[in-house]
Number of protein chains: 2
Amino acid sequence: MKRSRHLKRKAKRAEPKRVVPEAVDPRSVDDDPVVQGILTAISQKRLKPGAKLGEDKLASAFGTTRIHIRQALSHLASRKVVMQIPNRGAFVYRPSWEEAQDIFAARRIIETAAVAAAIDRLDKAGKAELKAHMELEARHDRNDRWASLSLTAEFHILVAKLAGNQVLLDMSRELMLRTSLAIATFEQPGEPDCSPDAHPDIGALILAKDKAGAIHAMRHHIEEMEKRITPRDDKDEVDELTAIFQEIGARARAGG
Amino acid sequence: MKRSRHLKRKAKRAEPKRVVPEAVDPRSVDDDPVVQGILTAISQKRLKPGAKLGEDKLASAFGTTRIHIRQALSHLASRKVVMQIPNRGAFVYRPSWEEAQDIFAARRIIETAAVAAAIDRLDKAGKAELKAHMELEARHDRNDRWASLSLTAEFHILVAKLAGNQVLLDMSRELMLRTSLAIATFEQPGEPDCSPDAHPDIGALILAKDKAGAIHAMRHHIEEMEKRITPRDDKDEVDELTAIFQEIGARARAGG
DNA sequence: GGGCAGAATACTGTTTACAATACAAGCATT
DNA sequence: AATGCTTGTATTGTAAACAGTATTCTGCCC
């Protein structure tokens with residue numbers, strides 16, 4: 001008796017019922033306060049590209065343990081927001097010049113498509129949301145640099161949201177962040193990110209359902225943004241010497 | 001003397017030289033064998049959506065420790081290839097019906113743009129590569145299901161590669177994987193993923209630099225792919241009973 | 001016989017400590 | 001004075017043990 005029961009139990013264990021989990025809110029990762037904190041710090045340019053993100057420091061700063069920090073950094077690394085180098089640590093991602101150009105090209109593609117989709121499915125609620133944001137952006141304090149940065153980014157996010165495609169929205173969010181890093185890496189000091197004057201025009205064209213015009217305006221806006229960066233990255237701390245060494249190192253790595 | 005030296009040393013410590021790391025090959029994460037293994041297993045449909053990915057089992061399967069497995073799973077979770085549920089473990093991601101539609105819509109946008117860019121910058125090497133792949137796809141053994149799956153995916157990847165935008169390529173790769181999951185979740189049993197007959201047409205149009213035609217063909221191809229899935233997900237093993245249990249569980253979880 | 005509480009079990013999540021690596025200062029040498 | 005080596009320190013990577021949770025099995029009651 002006992003033996004047969006034992007066998008039966010073993011057989012059941014080998015093939016469990018396997019209840020497939022379905023309706024679970026999957027935004028557990030992005031709700032992580034560490035991820036959120038680093039993300040906002042980067043998008044607000046309080047963390048510059050190349051800045052070291054030490055695990056202990058972050059752990060004490062966020063009041064948590066190194067494991068959570070490591071998980072958050074790993075997550076951000078897979079989103080190309082931080083760069084992890086073995087045995088050296090994590091740094092704020094610093095895109096190459098080619099990557100920066102690719103990011104802008106991708107934004108041209110995705111955001112023009114988002115504009116088109118947004119116009120196609122624009123309803124009353126969407127119009128209201130768009131108008132509300134334009135109002136907000138029109139009357140905000142332009143001297144408050146951090147608020148400006150958040151607001152201008154929000155406009156693009158809102159357009160992607162109005163397109164009604166979650167996948168596209170996530171991609172836009174990611175590209176927005178990486179744009180922020182690209183601009184921080186290659187910008188001429190003192191220039192703003194977006195030319196904010198373009199947003200009201202684009203918004204008006206969307207509200208008017210002028211698809212061709214809105215697409216053109218968005219593409220132009222992104223092109224203007226791209227024009228503000230230049231390939232030279234020898235800013236403040238990076239002098240000629242380190243640039244030479246970097247090139248040598250890269251060449252050695254490519255050759256071996 | 002000693003004390004002044006000590007102070008000096010401390011001051012130096014507080015602000016280190018901070019050599020910013022630059023040209024480092026960043027594909028360290030994707031080279032991880034665990035990530036690679038799970039990815040190929042999923043793209044070859046050997047792992048079905050909803051399949052449990054136990055840490056111990058994976059660790060022994062890959063001959064490594066749980067730490068690496070956890071890192072890999074975390075990475076895959078941030079790419080929406082696996083779903084992590086607290087205290088329950090990791091499962092192969094199972095997109096919702098809406099998400100599946102969004103994935104196809106995103107692919108329409110990105111891959112049509114990729115086709116256009118590929119035609120714009122098509123050179124001799126690109127033509128050769130494309131021809132070689134078409135040759136390969138034409139003469140492959142259609143009964144070898146796994147090879148078929150890899151080859152049809154490779155075609156789309158190749159087009160994205162010819163577009164010459166690394167960011168776009170990464171996005172295409174990600175969307176391809178998620179398409180694989182969407183099809184595995186919602187396909188009618190027995191149907192293939194891509195209609196492989198479309199690839200030679202698209203390839204020929206690209207080689208002929210017929211941009212409008214190639215874009216149209218690619219869009220049509222993806223639309224045909226999308227038509228093959230249906231919103232009902234009560235397939236083989238998921239019978240009415242487990243569906244009921246799932247609903248009950250979800251409700252209990254939401255209520256408590 | 002079927003449904004339900006309680007215990008055993010397997011699994012995930014976390015903490016801890018330890019090992020390995022890279023970095024920076026100090027020292028000797030030329 | 002500058003370069004190369006050695007030592008010490010800080011930080012990252014890894015392993016193992018522990019705690020908490022969900023799941024499964026068992027015995028009981030209806």
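- Side-chain N/O atoms of A:Arg88 include one lying less than 4.0 angstrom from OP1 or OP2 on C:dC23.
- For the pair A:His68 NE2 and C:dG13 P, the interatomic distance rounds to 11 Å; values are reported in whole Å.
- The interatomic distance linking B:Ile85 (CD1) with C:dC11 (P) rounds to 17 Å, in whole Å.
- Here D:dG13 is the nucleotide among C:dT14, D:dG13, D:dT14 with the atom lying nearest to any side-chain atom of A:Glu55.
- Shortest non-hydrogen contact noted between B:Gly89 and B:Lys52 is CA-NZ, 4.4 Å.
- Without hydrogens or angle criteria, A:Asp102 side chain to B:Asn165 main chain gives no donor-acceptor distance under 3.5 Å.
- Atom CG in A:Asp56 sits roughly 12 Å away from atom P in D:dG13 (whole-Å rounding).
- Contact annotation: B:Thr65 side-chain N/O to D:dA15 OP1/OP2 distance is under 4.0 Å.
- As rounded to whole Å, 12 Å separates atom C1' of C:dA17 from atom CD1 of B:Ile67.
- Going from atom CZ of A:Arg70 over to atom P of C:dT14 covers 15 Å, rounded to whole Å.
- Checking B:Gln71 against B:Arg66, the closest nucleotide of DNA chain D that is more toward the 5' end is the one next to B:Gln71.
- A salt bridge links A:Glu55 to A:Arg70: at least one charged side-chain nitrogen sits closer than 4.0 Å to a carboxylate oxygen.
- The nearest whole Å value for the distance from the CD atom in A:Gln84 to the P atom in C:dA22 is 16 Å.
- The residues B:Glu99 and B:Arg178 are annotated as salt-bridged, a charged nitrogen and a carboxylate oxygen being separated by less than 4.0 angstrom.
- Across C:dT12, D:dT14, D:dG13, the shortest atom-to-atom separation from the side chain of A:Asn87 is found for D:dG13.
- Between the CG atom of B:Asp32 and the C1' atom of D:dG13 there is a distance of 14 Å, rounded to whole Å.
- Look at CD1 on A:Ile69: it is 14 Å from C1' on D:dT11, rounded to the nearest Å.
- Counted by atom type alone, A:Glu154 and A:His133 present zero donor-acceptor pairs between their side chains at under 3.5 Å.
- An OP1 or OP2 oxygen of C:dT12 is reached within less than 4.0 angstrom by no side-chain nitrogen or oxygen of B:Lys57.
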